[in-house]
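In what follows, a structure is listed as structure tokens, so that the remarks can point back to it.
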Amino acid sequence: TSTETGAEDKVLKIAIAANMQYPMDSITTVFTELTGITCEVTSNSSGMLTAQIQNGAPFDLFLSANMSYPEELIKSGFGDCISIYAYGKLALVYPIGTKYTSVEDLLLDSDIRRIAIPDERTAPYGITAEAFLRKIGIREKLTGKVVIGESVAQVNQYIETNAVNAAFTSYSYVHKFEQKHEVIQLDPTMYPEIEQGALILKSGKKNHPDESMTFIEFLSSEECRKILVHFGYNIK
Amino acid sequence: MDYAPFLVTAKLALFTTVILFVIAIPISYFLAFSRWRGKIFLESLLMLPIILPPTVLGFYYLSFLGPQSGIGAFFEEYFDLSFAFSFEGILIGSVIYCLPFMISPITSGLREIPRNTQESIRILGKSRSNALRKVYLPIIKTSLWSGIVLTFAHTIGEFGLVLMIGGKMDETNVASVAIYDEMNALNYDVASHYAVIMLIVSFILIVTLNLILRKKRSIPA
Amino acid sequence: MDYAPFLVTAKLALFTTVILFVIAIPISYFLAFSRWRGKIFLESLLMLPIILPPTVLGFYYLSFLGPQSGIGAFFEEYFDLSFAFSFEGILIGSVIYCLPFMISPITSGLREIPRNTQESIRILGKSRSNALRKVYLPIIKTSLWSGIVLTFAHTIGEFGLVLMIGGKMDETNVASVAIYDEMNALNYDVASHYAVIMLIVSFILIVTLNLILRKKRSIPA
Amino acid sequence: METKINPEKITAIYGKSGVGKSSVLRMIAGLDQPDSGLVKLGDQLWFSSEDRVNLPVSERKIGFVFQDYSLFATMTVEQNMQYASKDGIIPQSIMEMVNALGLDGLLSSFPDELSGGQNQRAAVLRSLCQEPDVLLLDEPFSALDDDSIADLVAALKMAKSRYSTAILIVSHRKDVLLSMADEVIHLKEDGLFNQGLPSELLVRRF
Amino acid sequence: METKINPEKITAIYGKSGVGKSSVLRMIAGLDQPDSGLVKLGDQLWFSSEDRVNLPVSERKIGFVFQDYSLFATMTVEQNMQYASKDGIIPQSIMEMVNALGLDGLLSSFPDELSGGQNQRAAVLRSLCQEPDVLLLDEPFSALDDDSIADLVAALKMAKSRYSTAILIVSHRKDVLLSMADEVIHLKEDGLFNQGLPSELLVRRF
Ligand SMILES: Nc1ncnc2c1ncn2[C@@H]1O[C@H](COP(=O)(O)OP(=O)(O)OP(=O)(O)O)[C@@H](O)[C@H]1O
Ligand SMILES: Nc1ncnc2c1ncn2[C@@H]1O[C@H](COP(=O)(O)OP(=O)(O)OP(=O)(O)O)[C@@H](O)[C@H]1O
Ligand SMILES: [Mg+2]
Ligand SMILES: [Mg+2]
């Protein structure tokens, strides 16, 4: 309620990995309602955001889809500690009405001609998807079918445009896909955890450490957890 | 649905085009008419901004002009001017990136100006800038037009560079970045809505400019 | 360090430029000389590919030509030709995207051809294609050059569209995507290494082409 | 305006500057269209506003030397001539004229390396390479000295007899026309014209 | 080649096509540079290969009517003339010549809407608008009929007396030069030349 500091000053600049774009609208809306702090959200690939932050981007917070990018930033002195606010879940999306008895059957079915997987080199969900496939032991058999997407977002676009028949993506999009596709949550014991890490940044003079802290606290609040669960994240 | 990004885009495209038009004309003049032998290198060099992927160009831009860089820090300290994460930043980035789109057609237009026109100018004792404004630019009208449209249109669509240099502050939130966000949020309807508006508005604009400039004999300068 | 992406890039840039050159000439001819009143709309329409952000263009491309789309499925079924996730796919995408870069300078060059040249052609009873090849193209050499360099250079740098349509197959792994990936993986050294190679090779190529084409009177066709 | 042009004769159009001589040639060639009237060659109808006939330029088998020569700047003199020739081969008889007109050393020059008069002679030769049925010459002597004019007239007469080309010349040079034209059409500013022998039409006004 | 050109007289350069008349004018104007030799106006040195003097074209105060006229195609006749005039205002005396030369109705026409002769007259007028010290005219009568030539000569003489402009004309028209030139330089193909009165130099060869 302190209007004297000026509206400009109270804007919290949050950099988010592209895959957080979807739930982020709801999270910031509720956050602003509760605290009066407005948010400006930038989404990009985690790698590019990291580069931006290292080059002085005036972000207050970084919400990454994994731990390696925030860890890199801590190493170079742009932050202190990462808080894990949720765990992502891996999902498999495929056309509605497809009959199958197991994930293996589905993936090996000859009607499923292309399967999109995020790039494990750049996308956290790619690492998990690849791990999952290796675990169930059919990765090699899929070689001719696999289409690598740059990010979860791109994999989603492949599904949306029907460019592929099935895709590994984040379960957080379940509500978007439900109408036109089947979405299954894959067994979380079959892949490593997808830790969603938030980092308070110390990149410039204009940072808002107090508001950032408020946001981090909000992430573990009951209201926010509800939102995160609704969007298909796990909370511990 | 937020229409502010369109205004930012319009502003960016307009400023970029105007600035580049002003910059490109003397450069192109030099490239077209100078007898300096090294100009072929300069000319080739000026084509390079589009060789790099926009994001990569943006990365280097941040390294050299960002707040952490020497130059960037200096300007921020003493002039309160920041070359990154600001409208000025994406404008400079766009100008650098679109340089080839403006320079190349204008230079080729100037190269095709007949020798006797140039000689008449010398006989009349006109200065270079006067000749350029009154004679050469009207002659190469269609080449100018080509440079303007390519620059304008490309700035509207560009987003890798803008996203990298600008982040997404209110002042750097151009329509193409907004579309990118909507696509990331799987709001394909909204994204399409934006895209269609962008296409229609641009189309109307280009047609209108076309109609104005195509009027025979119209002189732009 | 893998140099294969450079080969894919070179192939893509070369094919895109050659195909566009061939396509653009008749289109530009039509735009420059036709008396059809609607051509101003067609001309403006052909500028639109660069209005959309490449990723968005890629999205629409996949919707219309992707494997599940009517056209895409047909070609995949009957010709075993796939318009997405293949070299052919990124080639078609590049051709669509770079259309304005080739068409705009060539059209403006053709528009500046003097009327008496056109009339001499009619008197000599030459066909359009003959006149184009033997007379018009040599006259507009510098405009052709402008279109070629812009297309070539831009195809090298383009990555949003290629990333979307290509899906990171070996055959679609162009250098710009490789650089982007290395940057995303925070391997800045490798990325810079790639970028520098790309810049140097392109620079040498552009200078060489410049030197060849600048030879006075040289006739490209 | 209605007139007969005898294909066996050299006909000249004479008149003041701006009176419409070039325009008449352009209409005959089909580059411009008359508002009304006919254009006929022998019994061939080329243009008729009434019958909506308009033979395309390329089918009229016409050679045209423009007042500003209009050689292609990107081609040498020889390439210009080859381009105009059937099969790209310059007829032997025309190669001889190249020598007679003093252009032999200039075949590999580009038009902008030629003097005005050299350009003009090259343009006439290029049009002869087409072996046209009708040759239209717009002020072909304007950049030439007396000797060159004489050479050119000789060349035209030779071409005429060899290819039986009808020749129509626009010129304001009374003296030249007197010595070489078989028939003169004197265009007047009111749109009317006189037709007759050069000796009658041109001398009268001195 | 060394010669004196008397600024009070109208001097003509006469010679065969291709002999180098236009080139001489271009060197005087400074558009081309002689391999060696001098160019002087009165006691002003314009060019000297020995002393490495080369006065820029723009400082030579020269008007030049090119053999191909070279009006700016993007400007009307009037705009062309205004552009050449100081302060953009066409001098009154030249506006009178516009009428005398029959161009009054064509001021707002573009060069490609003019006939050859109209273009040529407009080009001469444009060069007069510069009020040059020396006026170089390359074949200024080539596209004109006898009446128009007479009008143009009258206009040139008037300009000469009013602005005391030295006039140097290149022409192959013996008859015209005989009637209007004060002095003739006859350029020959071997690079030599004769200088003298037109009646001596030009008539001798008839
Ligand atoms: N494109 C044009 N648009 C409008 N008027 C034109 C055009 N071309 C020529 N004219 C006008 O038509 C008239 C006749 O022109 P034309 O060129 O036929 O004259 P001409 O008899 O050949 O003269 P000259 O001997 O000077 O070449 C002129 O008054 C000229 O101004
Ligand atoms: N740019 C050039 N490059 C090479 N040679 C040239 C060039 N311009 C002119 N020449 C040559 O120089 C000679 C003289 O040319 P110039 O134009 O001075 O002749 P001219 O006396 O004006 O003839 P004309 O009466 O036909 O106009 C010609 O033989 C011509 O071929
Ligand atoms: Mg005429
Ligand atoms: Mg000459």
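Below, each value reflects all heavy atoms present in this structure, side chains not excepted, and no hydrogens, waters or symmetry copies. Residue numbering restarts at 1 for every chain, and letters A, B, ... go by the order of the sequence lines. Keep in mind that what you see is a predicted model, and the values were worked out from it rather than measured.
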Structural part of [X] lying under 4.5 Å from a heavy atom of chain B:
X: C/M198; answer: both
X: C/T107; answer: neither
X: C/F203; answer: both
X: C/L45; answer: both
X: C/A191; answer: backbone

Return the option, out of C/L199, C/L57, C/I139, C/V177, with the maximum number of heavy-atom pairs under 4.5 Å with chain B.
C/L199
Among the listed options C/L209, C/I103, C/V207, the residue most often paired with chain B at heavy-atom distances under 4.5 Å:
C/V207
Contacting region of B/F41 [heavy-atom separation from chain C under 4.5 Å]
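When you check distances to chain C, atoms from both the backbone and side chain of B/F41 fall under 4.5 Å.
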In terms of heavy-atom proximity below 4.5 Å to chain C, should B/I51 be classed as side chain, backbone, both, or neither?
both
If you measure from [atom1] on [X] to [atom2] on [Y], what distance do you get to the nearest 0.5 Å?
X: C/N210; Y: B/E43; atom1: CG; atom2: CD; result: 5.0 Å
X: C/W145; Y: B/S104; atom1: CH2; atom2: OG; result: 8.5 Å
X: B/L150; Y: C/S108; atom1: CG; atom2: OG; result: 9.0 Å
X: C/I50; Y: B/T155; atom1: CD1; atom2: OG1; result: 9.0 Å
X: C/M47; Y: B/F152; atom1: CE; atom2: CZ; result: 13.0 Å
X: B/Y188; Y: C/F59; atom1: OH; atom2: CZ; result: 5.5 Å

If you look at every heavy atom in [X] and [Y], which pair is closest and at what distance?
X: B/K141; Y: C/E112; value: N-OE2, 4.2 Å
X: B/A195; Y: C/L52; value: CB-CD2, 3.9 Å
X: C/G157; Y: B/P54; value: O-CD, 3.9 Å

Give the member of B/S176, B/P53, B/P105 that has the highest number of heavy-atom pairs under 4.5 Å with chain C.
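Ranked by heavy-atom pairs under 4.5 Å with chain C, first place is B/P53.
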